[in-house]
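Notes to accompany the following structure.
Below, chain A is the first sequence line, B the second, and so on; all start at residue 1. Side chains included, hydrogens not; waters and symmetry mates left out as well; all remaining heavy atoms used.
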Amino acid sequence: MINGVKGTQDLYFPEIKAWHRIEAAARELFALYGYSEIRTPVMEHTELFVRSVGDETDIVSKEMYTFQDKKGRSLTLRPEYTAGVMRSVVENRLHDSARHSRLYYIGPQFRYERPQKGRYRQFHQIGIEALGDASPGCDFECITIGRELMRRLGIAQVEVRINSVGCPRCRPAYTEKLREALAGRSGELCQDCRRRLETNPLRVLDCKVPSCQPVLTEAPKISECLCDECAAHFEEVKNLLSEFEVPFVPWPRLVRGLDYYKKTVFEMISPLLGAQDALLGGGRYDGLLGQLGGPALPSFGWALGLERLALITPAGEEKREPEVYIAWMGGELYKPALRIASKLREKGVPVIIDGEERSVKNSMKRADRLNVKFAVIVGEDEIKAERLTVKNLESGEQFAFGVEEAASFFMSNS
RNA sequence: GUGAGUAUAGCUCAGCUGGUAGAGCUCCGGACUGUGGAUCCGGCCGUCGCGGGUUCGAUCCCCGUUACUCACCCCA
């Protein structure tokens with residue numbers, strides 16, 4: 001037997017229904033905010049991710065599915081979606097049209113990580129990108145959309161954590177200060193933290209090793225070191241969230257694993273997930289577009305993990321499918337049954353009919369197992385009388401209808 | 001990349017200090033030859049993850065390997 005690739009999964013009924021529900025809710029909500037969909041290729045030139053995500057990040061340095069095509073070009077299966085969208089924006093000059101300033105996407109992404117609960121090698125994200133708006137209001141609106149989506153899906157237990165990681169003007173000063181503060185106490189930090197202190201100091205703040213906590217709690221907070229512009233921006237985002245009653249928790253040690261973030265970053269976490277509890281995350285990435293050769297337009301965006309969201313999206317109650325099962329008996333009645341099936345479908349009634357011959361009893365059993373709402377019996381008596389026997393499998397009630405009559409009955413009872 | 005746990009029928013799992021497998025559910029059929037779900041009866045399905053070792057003999061013990069799960073790491 002050939003197995004599926006490690007870290008990938010097959011998705012089908014009934015789990016697929018939660019996915020459809022999430023996707024439908026997202027599309028509907030995004031439309032209400034003027035967003036339109038963008039689909040970009042699953043593979044891109046490796047260079048795109050190196051330049052945007054950052055070559056020091058874990059994603060780029062050890063998690064990418066990179067390969068050479070037949071002409072020796074280095075290609076990569078996208079490990080995240082924003083880079084591809086930004087590439088497309090620059091390449092197609094989407095920034096020239098106001099219609100393209102609010103974009104959303106849904107699709108698979110690939111990272112070579114050790115799979116665990118809520119984390120796969122092929123995983124799916126839904127995300128939005130707002131282009132060209134540097135205002136705190138933009139940050140606020142994007143966060144609101146995420147929160148609203150959770151609300152619409154009936155997910156009660158979410159916490160919005162928010163922070164500012166500063167900008168190229170104020171961050172270097174902060175990192176320096178952080179490095180100084182921790183340098184004297186590096187003996188109390190774990191191996192990873194000591195390494196990160198050199199490579200990516202901000203990430204030290206994110207460490208979860210218990211022994212590091214006392215040191216980190218006392219470390220200088222970035223919110224106290226922001227430049228005037230970043231500080232004012234962050235304040236206004238928080239004001240708007242408070243004003244419009246979006247609950248949030250300032251999280252001074254929240255940082256992100258992608259280099260392109262500036263100013264506002266945020267996450268929505270759910271205690272219902274396992275260790276991988278980040279449900280949705282994102283932030284501001286002014287400068288990314290310019291870095292990829294486009295105009296210096298500011299942007300804000302976030303992405304949510306579909307696998308994780310599906311894990312905690314409440315399932316609707318299980319009820320019978322509004323379909324009809326056609327039970328026919330006697331080989332000569334198969335073709336008449338097929339004609340009835342196609343007439344019903346033309347009227348919009350979903351119909352299941354099997355090619356295999358069964359007894360009435362087994363047909364009824366089959367209809368029950370299929371969990372359909374109605375069975376239609378097509379036997380000699382029915383053909384002679386030109387009436388279909390229609391049985392409601394929930395109530396047990398039985399009716400005799402002509403085909404047209406049956407069709408309208410099903411349509412009004414499904 | 002690191003650590004721990006698990007691997008026996010389609011599914012969930014039992015299998016005593018080593019003597020080459022069993023239950024429940026599902027599925028199929030019958031009791032009920034034109035009526036499902038309940039009940040009863042019967043039936044199908046296993047290289048006991050894979051490779052090696054120890055042993056007269058291994059599902060059980062040992063080594064390796066692969067997959068899955070959870071956690072670290074990282075992230076959605």
Side-chain angles (χ1 to χ4, degrees), chain A residues 1-9 22 53 56-64 79-82 105-128 146 190-193 195-196 200 203 206-210 254-258 261 265-270 273-283 301-312 320 325 327-330 333 356 358-382 389-398:
Chain A
M1 186 172 64
I2 299 173
N3 297 103
V5 175
K6 187 186 180 94
T8 66
Q9 55 176 358
I22 294 167
V53 178
E56 284 298 319
T57 60
D58 281 22
I59 293 176
V60 171
S61 64
K62 49 191 197 199
E63 295 174 1
M64 296 206 300
E80 59 105 43
Y81 220 130
T82 297
Y105 57 81
I106 299 179
Q109 274 131 103
F110 307 83
R111 287 181 206 170
Y112 191 89
E113 297 181 278
R114 194 77 168 262
Q116 73 186 71
K117 186 174 173 137
R119 191 174 71 185
Y120 302 92
R121 288 184 174 178
Q122 173 171 341
F123 63 104
H124 298 76
Q125 291 187 335
I126 298 181
I128 62 173
C190 68
Q191 284 270 311
D192 283 326
C193 281
R195 176 181 51 78
R196 279 187 287 234
N200 199 347
R203 292 222 61 86
D206 210 22
C207 184
K208 284 152 201 115
V209 175
L254 175 64
V255 293
R256 317 230 73 231
L258 290 76
Y261 286 109
V265 293
F266 79 106
E267 270 180 11
M268 290 176 45
I269 64 109
S270 165
L273 292 165
Q276 310 299 316
D277 62 357
L279 197 54
L280 183 152
W302 56 248
L304 66 82
L306 258 167
E307 282 81 1
R308 293 182 188 177
L309 189 51
L311 217 50
I312 61 168
R320 291 188 180 241
Y325 181 79
W328 55 274
M329 54 244 21
L333 293 182
E356 200 122 339
R358 286 189 167 79
S359 65
V360 179
K361 176 185 165 56
N362 284 332
S363 288
M364 297 311 285
K365 188 180 270 189
R366 173 107 173 129
D368 184 55
R369 299 279 148 89
L370 285 167
N371 211 33
V372 301
K373 206 163 169 183
F374 300 102
V376 166
I377 297 173
V378 180
E380 267 178 63
D381 302 347
E382 282 77 9
T389 299
V390 171
K391 180 165 187 173
N392 181 324
L393 291 170
E394 277 167 354
S395 64
E397 287 174 291
Q398 223 160 277

Is A/R111 touching bases, backbone alone, or none of the nucleic acid, heavy atoms closer than 4.0 Å?
-> base
Ignoring the backbone of A/R114, work out which of B/C32, B/C72, B/G34 is nearest its side chain.
-> B/C72
Per A/N362 side chain, nearest of listed nucleotides B/G30, B/A76, B/C73 = B/G30
Looking for any heavy atom pair under 4.0 Å, which part of the strands does A/R256 touch: base, sugar-phosphate only, or nothing?
-> sugar-phosphate
Nearest-Å distance once atom P is located in both B/G57 and B/G10 = 30 Å
Between B/U39 and B/U6 - P atom distance, rounded Å | 35 Å
Shortest side-chain distance from A/R308, nucleotide among B/A76, B/C72, B/U35 | B/A76
Nearest-neighbour nucleotide for the A/L393 side chain, B/G36, B/C72, B/U69 considered = B/G36
When you get a sec, tell me which of B/G3, B/C32, B/G34 is the closest nucleotide to the side chain of A/I377?
-> B/G34
Quick one: side chain to side chain donor-acceptor pair (under 3.5 Å) partners of A/R366, sequence neighbours excluded?
-> A/D354
With respect to the side chain of A/K6, which nucleotide from B/C68, B/A76, B/G37 is positioned closest?
-> B/C68
Mind checking who B/C68 pairs with, Watson-Crick or G-U wobble, both distances under 3.5 Å?
-> B/G5
Assigned partner base of B/A21, Watson-Crick or wobble definition, under 3.5 Å | none
Is there a donor and acceptor pair closer than 3.5 Å between the side chain of A/Q116 and the base of B/C73?
-> yes
Cationic tip of A/R121 above A/F110 ring, under 6.0 Å, 45° of axis | no
P atom, B/G43 versus B/G22: distance in rounded Å?
-> 13 Å
Any side-chain heavy atom of A/Q276 within less than 4.5 Å of one from A/Q116?
-> yes
Could you check which of B/G3, B/G37, B/U35 has an atom nearest any side-chain atom of A/R369?
-> B/G37
Does any donor atom in the side chain of A/Q109 or A/H124 lie under 3.5 Å from an acceptor atom in the other side chain?
-> no
Taking the same atom, P, in B/C48 and in B/U59, what whole-Å distance lies between them?
-> 7 Å
Nearest heavy-atom pair of A/R256 and A/F266: which atoms, and what distance?
-> NE-O, 4.1 Å
Whole-Å distance, A/D277 CG to B/A71 C1', equals 13 Å
